[in-house]
Amino acid sequence: MDIYNKVRDAIIDVVTQRYNQLDIKTLNLITCEQPKNLKFGDLSTNILMILKNIINEDINDIKDLIIVDLKAISIFERVTYVKPGFINFILNKNIWYEVLCSIIKDKNYGLKNLGSNRKVNLEFISANPTGPLHIGHLRGAVFGDVLSRLMTKTGFKVTKEYYVNDLGNQIENLFQTVKIHIENTVSNTNKALKEGMYPGDYLKDIALQLIKENIDLSNKIQVKESIVEKTLDLIKKDLSKLGIVFDSFISEKVIHEQGLLNKVLNILDKKNLIYEGTLEAPRGKKDINWKPENQLIFKSSNFGDSVDRAIKKNNGEWTYFASDIAYHYNKVERGFEEIINIWGADHAGYIKRVDASIKALGNNHIKFNVKLCQIVNLLENNKSVKMSKRSGNFILINEILKKIDKDVVRFFMLIRKNDAHLDFDMKKCLDESKENPIFYIQYAIARVNSLNKFFKEKKLEFVDFNQKLFDKFNENEIDLLKILSLWPKIIENSVIHKEPHRVVYYLIDLAGSFHNYWSKGNLDSNLRVINETDIELTVARLTLLNCISKVIKLGLDILAIKPVEKM
RNA sequence: GCUCUUGUGGUGUAAUGGAUAGCAUACCGGUCUUCGAAACCUGUGGUUAGAGUUCAAAUCUCUACAAGAGCACCA
């Protein structure tokens, strides 16, 4: 049961009966939430402040009528009006009993259907198939995976997609690199790699494999395909170690082969959105090599982009952007109603042009959403580890997973809002104390388990939970229950904003409240959970704590982190 | 120069436009004869600056300042 939405519906009922001219926009402004400070009450609504703007009347003139209507609803013990225009509610205590019962019964408490089976394409990582994944891909990987889990559990049909850039210069460079390795091995020479080639021993391994397979180096296309297949295998291995499985891998090459680029070009051309011309030199970037080139250009600035963008180069080749137009067109063609891309912050400048292309192709109804993940700053011994692409000394995900458990890595990738910078402190990950929130959370589950075990060992009997047991609760327990009642709201907000970190913060909060509750028993033995002289109270408390444990597990499941039953 | 992201206690950060800004760390002082101290409690301290919108701004708009990223082609 989501008590907040339930009461909100009741409030809206009351208001619409009295004022039938309210539109959906206005109704959406009406909130019903737990006030930050619980002294105001269990719930609070802003209805009067919204209403007064719409019907143009003073709050004082309407408040009494509304409050009388609200008081008629049987679930409130008290309805009060407070200064700027809040109406606060105290719920009948038996409502909290109902809330707890619904948590006990509901296997998937809080995971309501928000997506109504909407088809969502969630593209993430899409690292170039030139080698294993490194730390630069880690955050987006975990973020994308957890977002997909969150949305899948709330009624969206999510397809996790990986776009494979298996075309272009980088693949050519990859080919040249492997070629040198092959030649070095076959003719026992020691030719060095050139600028732009890929360092890394994994390519020597691939070279050896290709030799074994008797590959014909002159058949470039086939060799390239074979190399990409092998590097993609490396990536897939890393993914499986992280616990990530994709539903679909889409090849840029295939997009080209299907003729989608020409198709898209034709559509845009018919709409008069393509012209031949030259783009201005990038301002402020003093590049002497800049030469104005005649290109095929898409009028992206008609759709909110700052300048127009080239889609075909002077030499007749497609630009990378052209592929992306076609790729996103392809996503729409496959029937996706919502397109989400998870990109690194360095691709921020790219959003507008892709958005422009989707709109230009007439797909205004498609929800297009890009979530940017800021850079991860790797800390080792309190020092930031500098990495450079050129020398290839990027820390690989594989290496991190050798030192730190995958679940812990996943957790720490989510501990910040996606668009905030993230310090990834290896030392903190290994810490087993309160400073490490994942252990803090797991410890709460372990403690509840320990109580269950203790209860069993004492050979006490578990009775069914009922109203009589509930009445044994004091305000400490009711407060915990109020925190549990927020869970559906947390899920809803996480989904709406596409921000899984909200789940993480809630879990830390919930675990904190639990530890706090537990410790009260240290000061006052009456407040210990297990009280052998009052079995009903003991069972009531255990029931509540098992609900906490259950919600924590539900949360961890969204993050794909295994709960630790015993530590 | 232009675009995007971010500015919250000393430090790291949270907060669908809501009331007294939450948490951690650091610092101060307390709590184990115990259902697990791998924990808890008390105290100090904060929305970069200025204007605007609003009944209400950390949140929205504008300006300034600061940090990071991007800005033909390449991907």
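Model, not experiment: these values are computed from the prediction. The chains referred to below are lettered A, B, ... by the order of the sequence lines, with proteins before strands, and numbering in each begins at 1.
The gap from the C1' atom of B/A19 to that of B/A56 amounts to 9 Å, rounded to the nearest Å. Nucleotides B/U47 and B/G9 are separated by 7 Å at their P atoms, to the nearest Å. Taking atom C1' on both nucleotides, B/G18 is separated from B/C60 by 14 Å, rounded to a whole Å. Here, B/C65 and B/G29 have their C1' atoms 40 Å apart, quoted to the whole Å. B/U11 and B/C41 are spaced 23 Å apart, taking the C1' atom of each and rounding to whole Å. Look at the C1' atom in both B/G52 and B/A14: the space between them is 27 Å, to the nearest Å. B/A21 and B/G46 are spaced 9 Å apart, taking the C1' atom of each and rounding to whole Å. Annotation: B/U61 and B/G45 have their C1' atoms spaced 31 Å apart (nearest Å).
Whole-Å rounding puts the A/N53 CG to B/U53 P distance at 15 Å. At whole-Å resolution of the value, CH2 in A/W318 and P in B/A72 are 20 Å apart. In this entry the distance linking CG of A/L507 with C1' of B/C23 reads 14 Å, nearest Å. Between the P atom of B/G12 and the CG atom of A/L414 lies a distance of 21 Å, rounded to the nearest Å. Rounded to an integer number of Å, the gap from CD1 of A/I508 to P of B/A14 is 11 Å. In this entry the distance linking CZ of A/F412 with C1' of B/U13 reads 13 Å, nearest Å. A straight line from NE2 of A/H497 to P of B/G17 spans 6 Å, rounded to a whole angstrom. Remark: P of B/G17 and CG of A/N493 are 9 Å apart, rounded to the nearest angstrom.
Applying the 4.0 Å criterion to OP1 and OP2 of B/C40, one finds that A/Y440 has a side-chain N or O inside that range. The side chain of A/K417 places an N or O atom within less than 4.0 Å of a non-bridging phosphate oxygen (OP1 or OP2) of B/A15. In this model, the phosphate group of B/C41 is approached by a side-chain N or O of A/N516 to a distance below 4.0 Å at OP1 or OP2. Residue A/R447 places at least one side-chain N or O closer than 4.0 Å to OP1 or OP2 of B/A37. OP1 or OP2 of B/A19 lies within a sub-4.0 Å distance of a side-chain N or O belonging to A/K36.
Contact check on A/K417 versus A/E499 returns no salt bridge, with no Lys/Arg side-chain nitrogen under 4.0 Å from an Asp/Glu carboxylate oxygen. Taking a cutoff of 4.0 Å between a charged side-chain nitrogen and a carboxylate oxygen, A/E276 and A/K312 do not qualify as a salt bridge.
Here A/Y443 does not pack flat against the base of B/A39, since the 5.5 angstrom centre distance and 30 degree tilt limits are not both met. Stacking of A/Y505 onto the six-membered ring of B/A14 is not present when judged by under 5.5 angstrom between centres and under 30° between planes.
With distances taken from any side-chain atom of A/T319 to the nucleotides B/C55, B/C4, B/C74, the minimum falls on B/C74. You'll find that the side chain of A/H501 is closest to B/A15, out of B/C35, B/A15, B/G18. Here the nucleotide nearest the side chain of A/R416, chosen from B/A19, B/A14, B/A15, is B/A14. Of all nucleotides listed (B/C40, B/G18, B/A75), B/A75 comes nearest to the side chain of A/R353.
The salt bridge (charged side-chain N to carboxylate O under 4.0 Å, His left out) pairs that include a residue from residues 507-516 of chain A number zero, where partners must be two or more places apart or lie in different chains. Sorted by first then second residue, the salt bridge (charged side-chain N to carboxylate O under 4.0 Å, His left out) pairs that include residues 41-51 of chain A, not counting sequence neighbours, are A/D42-A/K482.
Just one of A/V495, A/T154, A/I491, A/D2 meets the side-chain contact (heavy atoms from CB on, under 4.5 Å) condition when paired with A/K112; it is A/D2.
Not a single donor-acceptor contact under 3.5 angstrom links the side-chain atoms of A/D419 to the base of B/A69.
A/Q295 comes within contact range of the sugar-phosphate backbone alone, with a heavy-atom separation under 4.0 Å but no base atom that close. In this structure, A/N315 reaches neither bases nor backbone, as no heavy-atom distance under 4.0 Å exists between it and the strands shown. Among the atoms of the strands shown, only primed sugar atoms or phosphate atoms (P, OP1, OP2) are found under 4.0 Å from some heavy atom of A/K352. Within the 4.0 angstrom heavy-atom criterion, no nucleotide atom of any strand lies near A/I496.
With sequence neighbours left out, A/Y275 forms a side chain to side chain donor-acceptor pair (under 3.5 Å) with A/D308. Every residue meeting the ring pair (Phe, Tyr, Trp, His ring centres under 6.0 Å) condition with A/F368, not counting sequence neighbours, appears here in chain and number order: A/H328. Under the side-chain contact (heavy atoms from CB on, under 4.5 Å) criterion, A/K6 pairs with A/M1, A/E98, sequence neighbours left out. With sequence neighbours left out, the side-chain contact (heavy atoms from CB on, under 4.5 Å) criterion links A/N169 to no other residue. Listed by chain and number, the residues in a ring pair (Phe, Tyr, Trp, His ring centres under 6.0 Å) with A/F89 are A/F76 (sequence neighbours excluded). Partners of A/R139 by side chain to side chain donor-acceptor pair (under 3.5 Å), not counting sequence neighbours: none found. For A/Y198, there are no side chain to side chain donor-acceptor pair (under 3.5 Å) partners, not counting sequence neighbours.
Taking every heavy atom of residues 518-528 of chain A and every atom of RNA chain B, pairs under 4.0 Å involve A/W518, A/S519, A/G521, A/N522, A/R528, by number. Near RNA chain B, defined here as any heavy-atom distance below 4.0 Å, the residues from residues 167-174 of chain A are A/G168, A/N169, A/Q170, listed numerically.
Judged by closest nucleotide on RNA chain B, A/R502 is the one of A/V529 and A/R502 placed further toward the 5' end. Residues A/F40 and A/H515 each lie close to RNA chain B; by heavy-atom proximity, the contact nearer the 5' end of the strand is made by A/F40.
Under the 6.0 Å distance and 45° angle rule, A/K359 does not count as a cation-pi partner of A/F303.
Between A/Y440 and A/H515, the gap from one ring centroid to the other is short of 6.0 Å.
Using a distance-only test at 3.5 Å, with no hydrogens or angles considered, no donor-acceptor pair links the side chain of A/N369 to the main chain of A/I340.
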Which dot-bracket notation, 5' to 3', represents the base pairing of RNA chain B when pairs are defined as Watson-Crick or G-U with both distances under 3.5 Å, crossing pairs as [ ], and inter-strand pairs as |?
(((((((..((((....[...)))).(.(((.......))).)....(((((..]....))))))))))))....

